[in-house]
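Working notes, beginning with the structure itself.
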There are 2 protein chains.
Amino acid sequence: MVRNEMSECSSHIPLYSKIRDELRAHIFAGDTRPHEKMPSESELITKYGVSRITVRQALSELEKEGLLFKVAGKGSYVSKVKPFQGLGRLQGFAEAMSSHGYEVYNRVLSINLLSASPEIAKRLSLPEGSLISEIRRVRFLNREPVSVDVSYISSHIGERLVREDLGVRDIFHILENDYAISLGYADLTIDASLADTQQAELLQVDSGSPLLRVERLTHTLEGLPLVIEYLHYHADNFQLRLKIER
Amino acid sequence: MVRNEMSECSSHIPLYSKIRDELRAHIFAGDTRPHEKMPSESELITKYGVSRITVRQALSELEKEGLLFKVAGKGSYVSKVKPFQGLGRLQGFAEAMSSHGYEVYNRVLSINLLSASPEIAKRLSLPEGSLISEIRRVRFLNREPVSVDVSYISSHIGERLVREDLGVRDIFHILENDYAISLGYADLTIDASLADTQQAELLQVDSGSPLLRVERLTHTLEGLPLVIEYLHYHADNFQLRLKIER
DNA sequence: TACCATTACTTGTTATGACAAGTTATAAAC
DNA sequence: GTTTATAACTTGTCATAACAAGTAATGGTA
C-alpha cells in the first residue's frame with residue numbers, strides 16, 4: 001500500500017504514538033469521561049486512515065498506562081484512573097508523571113531560610129541550628145492539585161535553588177543536571193493522615209480527607225543525606241506502586 | 001494458512017500466552033541470566049513455528065512486566081532484578097514483625113467461599129465467577145489491632161487453608177512450606193482511606209481515622225498471580241518503610 | 001593501520017487479510 | 001408476548017508481507 005498521508009510530516013514519529021497521544025489528550029481533557037466508550041477500532045481506522053494493527057497498538061499502550069480497559073465484543077472504555085508513582089526507582093514527581101503523558105506543574109508557596117530543628121538537623125546530619133532552606137510547594141497533575149510538598153535542604157544548596165524555575169522542574173533534575181550532584185538512594189516512610197485546614201484548602205478537598213503521607217530522605221551517591229521531604233498526597237487522586245521480590 | 005500445530009490442544013489458550021509463560025519460566029529459572037540476550041524474534045518464530053506478530057506479543061507482555069527490555073537492532077535482554085532491602089522484601093506480616101520481636105496474632109473473622117467478582121477474577125487471572133476463598137482477618141501486634149486484612153485466593157487452595165491454623169501462621173509460610181508453592185514477587189498499590197464503622201470497631205479507633213491501604217497481589221515464582229490481599233493499616237500505629245535506589 | 005562501505009543481522013512500524021469469540025439488537029418462530 | 005435464531009457489531013488472535021532503522025562484523029580502500 002502507498003505510504004500513508006499522516007506520515008508525510010518531516011519528523012519520523014510513528015503513527016501509533018501520534019494516535020495514542022491524541023486519544024490520551026482527549027481522555028485527560030475529559031472529552032470522554034470514565035466508563036464511557038472510546039471509538040471502536042474500525043472507527044479509528046477510518047478516522048485516521050491507518051490499519052487495524054496501528055490503532056490496536058495505540059489502544060494497547062493506553063491500556064498499559066491504565067487509562068482504558070477493553071471488553072471483548074463491546075469496546076474500549078475509559079477507566080477511572082488514579083495516577084500513581086512507581087517506587088521501583090528513585091524518581092522526581094515530574095520525572096515520573098510526565099513520562100506517562102501527564103501535565104505537571106508546581107506552585108511554589110514559599111521559600112524560607114531558617115535554622116534547622118533538631119529533627120531536621122538529625123535527619124540531614126547537620127549541626128542543630130544550621131541554616132536550611134524550606135521549600136513549600138503544591139504539585140498539580142493535569143491542573144488538579146495532588147500533593148503538598150515541604151522540602152528541607154542545606155541553605156548552601158537551597159539558596160541556589162531559589163533562582164531556579166521550580167514551577168516546572170524537579171529538584172532532583174536540577175541537582176543532578178545543573179549542580180552535578182549524583183543521587184544515590186532514598187529512605188521512604190509511608191503512612192496516612194487527615195487533611196488539616198490548610199492542606200485541605202491547598203488540595204481543594206474537605207478537611208479530614210485521607211492523605212497519603214510520605215517522608216522521603218534522599219541521599220547522594222556517596223550516601224550523604226541531601227534533602228528531606230514531607231509529601232502529603234491527596235489519596236483519592238493518587239497512589240504509590242511498587243514491586244517487591246521474595 | 002493452516003491452523004498451527006501448537007493450537008491442537010483442546011484448551012483455547014492463545015499461542016502468545018503459552019510462549020510468554022514459557023519464556024517467563026525460563027527467566028525465573030535463571031536459564032537466561034540478567035543482561036543476557038534472549039533468543040531473537042526469528043529464532044522464536046522457527047522454534048515455535050508461529051508468526052512474528054505472535055512472538056512479538058509474547059515479548060511485549062514480558063517487557064510490560066519488566067522482565068526484559070529490548071534494544072532496537074540488537075535484541076531482547078533479561079532485566080536485572082533490583083534487590084530491595086528491609087521492608088522491600090516480600091514478607092508475610094508475622095514473618096516481618098516477629099523477626100523484630102513483636103508478638104503477632106491473627107483473629108480470623110470469616111472464611112467464605114464465593115464466586116469471583118470481575119475485579120478479583122481479573123487480578124488473579126481466573127475466569128469470572130470462579131470459586132474463590134475470602135479470608136477476613138484482624139492482625140494484632142503486641143495485643144493491639146493494627147490491620148484489617150481481606151485475602152482472596154483460588155478456592156482450590158483456599159479450601160485447604162481453612163484447615164490450617166491461621167491464628168498464628170502466615171499464609172505465605174503455609175503456602176511455601178506446607179504446599180510447596182514458591183513465591184516470587186508482589187505488586188503493591190498504596191493509598192489512604194478513612195476507617196468505616198466496621199473497620200473502626202475492629203481496629204479500636206474512631207470512625208473516620210486515617211488508614212494506610214495496601215493492595216498486594218502476590219505471584220508465584222513462575223510469575224502467576226496467586227493471592228490478592230486488601231490490607232488496611234491503622235496509620236497511627238504502623239508505617240511502611242523502604243529504600244529506593246536511583 | 002585507519003577509515004569507510006557493504007552486508008547481515010536485529011527490532012520497529014505498518015498494511016492486509018482472515019477467522020474466532022463475545023455482545024447486542026433485530027427479526028422470526030413459537 | 002416470549003423465546004430463539006440471526007445478523008451486525010465489537011475485540012481477540014494469528015498469518016504473511018514489506019520496508020525502515022539501529023547495530024555489528026566484514027571487508028576493501030586510502
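Because the structure is a prediction, the values reported are computed rather than measured. Within every chain, numbering begins at 1; the chains are lettered A, B, ... in the order of the sequence lines, protein sequences first and strands thereafter.
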Would you say CD of B:E36 has more than 12 non-hydrogen atoms from neighbouring residues, nucleotides or ligands within 6.0 angstrom? yes

4.5 Å side-chain heavy-atom contact, B:D149 and B:R136: no

Atom pair distance, as rounded to whole Å: CG in B:L15 and P in D:dA15: 6 Å

Under 30°, 30 to 60°, or over 60°: which ring-plane class applies to B:H35 and B:F69, parallel, tilted or perpendicular? perpendicular

Between A:F28 and A:Y102, ring centroids under 6.0 Å: yes

Looking at A:Q91, is its backbone amide N or carbonyl O close enough to the side chain of A:Q85 to form a donor-acceptor pair, meaning the two atoms are under 3.5 Å apart? yes

Look at the side-chain N and O atoms of B:Y16 and state whether any lies under 4.0 Å from the OP1 or OP2 oxygen of D:dT13. yes

Check the distance between C:dG12's C1' and A:I13's CD1 and give it to me in whole angstrom. 15 Å

d(CD, B:E63; C1', C:dG12) in whole Å: 11 Å

Measure NZ/B:K18 against P/D:dT13 and give the value in whole Å, please. 16 Å

I'd like to know if B:R139 pairs up with B:D170 as an ion pair, taking the criterion as any Lys NZ or Arg NE/NH1/NH2 lying under 4.0 Å from an Asp or Glu carboxylate oxygen. yes

Nearest-Å distance, NZ (A:K74) to C1' (D:dC9)? 13 Å

Check this one for me: any side-chain N or O of A:T54 less than 4.0 Å away from OP1 or OP2 of C:dT13? no

Listed nucleotide nearest any side-chain atom of B:S51, set D:dA15, D:dT11, C:dT13: D:dA15

Both conditions, 6.0 Å and 45 degrees, for the charged tip of B:R160 above the ring of B:Y179: are they met here? yes

DNA chain C contacts made by residues 33-42 of chain A, counting heavy atoms under 4.0 Å: none

Separation of atom CZ in A:R52 from atom C1' in C:dT13, rounded to whole Å: 17 Å

Rounded to whole Å, CD1 of A:I53 lies from C1' of D:dA17 at a distance of 11 Å

Assuming nearest nucleotide by heavy-atom distance, tell me which of A:E61 and A:A72 is located more 5' along DNA chain C. A:E61

Can you tell me the distance, in whole Å, between the NZ atom of A:K70 and the C1' atom of D:dC9? 17 Å

